[in-house]
Every structure is written in C-alpha cells, then in structure tokens.
Amino acid sequence: MDSSLHEVWQAASGSPFLPTVGKGSQFFVGFLLLLIGLALGGLFTLNRSLVNVPVLGIPASLAVAFGVVYMFCAVGVYV
C-alpha cells in the first residue's frame with residue numbers, strides 16, 4: 001500500500017459519502033428505535049431468563065443505544 005494521503009484524498013473525492021439514514025429522517029428513525037428498545041426491554045423485564053438475554057435483552061439495549069445516537073444527531077448534538 002504505497003498510496004500517499006493526497007492520492008487517497010483525490011480518489012475519495014469522486015465518491016461522496018451517502019449515509020444510510022438521511023438527515024431528514026434521523027429523528028424518526030431514532031424515535032422508532034427508542035420505542036422498539038423500550039418495548040423489547042419491557043418484554044425482557046416481564047420474563048427474565050437466560051434464553052431471553054440474546055433474544056430480547058441484547059437487541060433492546062442496541063436499539064436504545066442507536067436510537068439515542070440518532071436522536072442526538074437529528075438535533076445537532078454529535079456524540
């Protein structure tokens with residue numbers, strides 16, 4: 001890999017970054033992820049067992065975490 005930083009910069013200028021979730025829909029996606037995370041977290045608290053940790057607990061925590069990040073990005077606070 002003998003590319004200099006300038007060559008990498010020039011090559012990257014031809015392909016702009018397009019985010020998966022657009023700026024206009026980040027709040028909606030974040031809010032939806034928070035609702036899903038809270039619902040899964042509620043189901044997990046009603047039936048806590050070792051089987052439900054990977055089925056409900058981990059997806060709930062990931063949905064809440066990503067939901068909070070998207071909500072902060074939508075309002076202009078970057079974490």
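What you see below is based on every heavy atom in this structure, not just the backbone, and it leaves out hydrogens, waters and symmetry mates. Given the structure is predicted, the values throughout are model-derived calculations rather than measurements.
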- Message: In the structure I gave you, are the side-chain heavy atoms of L33 and V64 within less than 4.5 Å of one another anywhere?
- Response: no
- Message: Would a single hydrophobic cluster contain both V68 and L62, if residues Ile, Leu, Val, Met, Phe, Trp and Tyr are joined by side-chain heavy-atom contacts under 4.5 Å?
- Response: no
- Query: Honestly curious: do F28 and F31 fall in one hydrophobic cluster under the side-chain, below-4.5 Å linking rule?
  - Reply: no
For residues 51-58, which side-chain donor-acceptor pairs fall under 3.5 Å, sequence neighbours excluded?
{"unit_1": "N52", "atom_1": "ND2", "unit_2": "N47", "atom_2": "O", "d": "2.6"}

- Message: Would a single hydrophobic cluster contain both M71 and V29, if residues Ile, Leu, Val, Met, Phe, Trp and Tyr are joined by side-chain heavy-atom contacts under 4.5 Å?
- Response: no
Determine all donor-acceptor pairs shorter than 3.5 Å in which one atom belongs to a side chain in residues 35-44; sequence neighbours excluded.
none

- Atom CG of L46 with >12 non-hydrogen neighbours under 6.0 angstrom: yes
Listed pairs under 3.5 Å, donor-acceptor, residues 13-21 side chains, sequence neighbours left out:
{"unit_1": "S13", "atom_1": "OG", "unit_2": "Q10", "atom_2": "O", "d": "2.7"}

